[in-house]
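Shown below is the structure under consideration.
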Protein chains: 2
Amino acid sequence: MDNHILNECPIQPVVDILSGKWTSYILWEIYNKNNHYGSIKKQLPGISTRTLAVRLKFLENKGILSRTVFNTNPPTVTYDLTNKGLTLAPILKSMKTWSELYQ
Amino acid sequence: MDNHILNECPIQPVVDILSGKWTSYILWEIYNKNNHYGSIKKQLPGISTRTLAVRLKFLENKGILSRTVFNTNPPTVTYDLTNKGLTLAPILKSMKTWSELYQ
DNA sequence: CTCATTGGTTTATTTTTGGAAAGTAAGTTT
DNA sequence: AAACTTACTTTCCAAAAATAAACCAATGAG
């Protein structure tokens, strides 16, 4: 997913993060406070458990998401935007605005 | 590239357009007035002729780019953002800003 | 001690996407 | 008429990404 040849391209870091069929959708859900593993999956019909888990871990490794386990019965997990992840908000907002106007 | 199940997701239209390994980079180049087929290819080392042609046609079909042939010697082709394509500017700009700050 | 529930992992397979290489086409220039 | 340049197209193949299905683990409830 990382294109080493394009390191000079000024949008490479964000393209790297947002690539992947489901990544933007996952971030959109979490940005909208839908942050439990199960409820994200429910809101994204068609995504497989594996893909969701892989993408969430990818975003966690990139410092975009934080993962919190709650000792409920059964234990639940939430994913939240980190401070770094929150800075993606303008991009997500502009994506929503565009989609509303030009779809 | 179109996910029919997610038609309700408010960012689906733009995710559809920007998906693909090279699409955002191509748009970035054209947004920055680098709009000849050959010069886009030069600025994106690693992209194949096939991929560039496929992506350009995709964006043309989506109404994002316009294609113009010039009767020079040899004939050259430019790609320009349409009015619709120009409205992607806020997204591209926010992507650049983020990348500069958080890479 | 079995069951239900959440949140995964693992393995194997398919789909999607991109790449390499060769060929095509149009319009000069020689 | 052959060569040169730009801008592709075509075919075939490889890699990457996603899917399906089965399984695993933690935690309590019954």
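Within every chain, numbering begins at 1; the chains are lettered A, B, ... in the order of the sequence lines, protein sequences first and strands thereafter. Keep in mind the model is a prediction, meaning the values are calculated, not measured.
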query = With a 4.5 Å limit on heavy-atom distance, are the side chains of B:Pro13 and A:Tyr102 in contact?
reply = no
message = Generate the contact string for nucleotides 23-30 of chain D. Rules: B means base contact, S means sugar-phosphate contact only, - means no protein heavy atom under 4.0 Å.
response = ----BSS-
key: Over 12 non-hydrogen atoms of neighbours within 6.0 angstrom of CG in B:Asn61   = yes
request  = Looking at every strand, decide which applies to A:Thr76 at a 4.0 Å heavy-atom threshold: base, sugar-phosphate, or nothing.
outcome  = sugar-phosphate
key: No-hydrogen, no-angle side-chain donor-acceptor test under 3.5 Å, B:Ser94 and B:Thr97   = no
ask   = Does any non-hydrogen side-chain atom of A:Asp80 lie less than 4.5 Å from one of A:Thr78?
value = yes
task = Ignoring the backbone of B:Ser48, work out which of C:dG19, C:dG7, C:dT11 is nearest its side chain.
result = C:dG19
ask   = Can you tell if the side chain of A:Tyr31 reaches within under 4.5 Å of the side chain of A:Lys93, non-hydrogen atoms only?
value = yes
ask   = With sugar-phosphate meaning primed atoms plus P, OP1 and OP2, does A:Lys42 contact a base, only sugar-phosphate, or nothing at under 4.0 Å between heavy atoms?
value = nothing
query = Is A:Lys62 paired with A:Asp16 through a side-chain N to carboxylate O contact shorter than 4.0 Å?
reply =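 Answer for the salt bridge query: yes.
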ask   = Looking at D:dC8, C:dG7, D:dA18, which one has an atom nearest to any side-chain atom of B:Ala53?
value =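 Of all the options, the side chain of B:Ala53 is nearest to D:dC8.
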task = Remember a base hit wins even if backbone is also touched, and classify A:Tyr79 as base, sugar-phosphate or nothing at under 4.0 Å, heavy atoms.
result =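 Contact class for A:Tyr79: sugar-phosphate only.
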inquiry  = Students often get this wrong, so: under 4.0 angstrom with heavy atoms, is A:Thr49 touching a base, only sugar-phosphate, or nothing?
reply    = base
ask   = Hey, does A:Leu56 have a side-chain heavy atom less than 4.5 Å from the side chain of A:Ile30?
value = yes
note = A:Arg67 has its side chain closest, among D:dA18, C:dG19, C:dG7, to C:dG7
task = Anything below 3.5 Å on both distances counts as a pair; with that, list the stems of at least three consecutive Watson-Crick or G-U pairs involving DNA chain C.
result = C:1-30 with D:1-30
task = Considering non-hydrogen atoms only, spot the tightest contact between A:Thr87 and B:Trp98 and give its length.
result = OG1-NE1, 2.7 Å
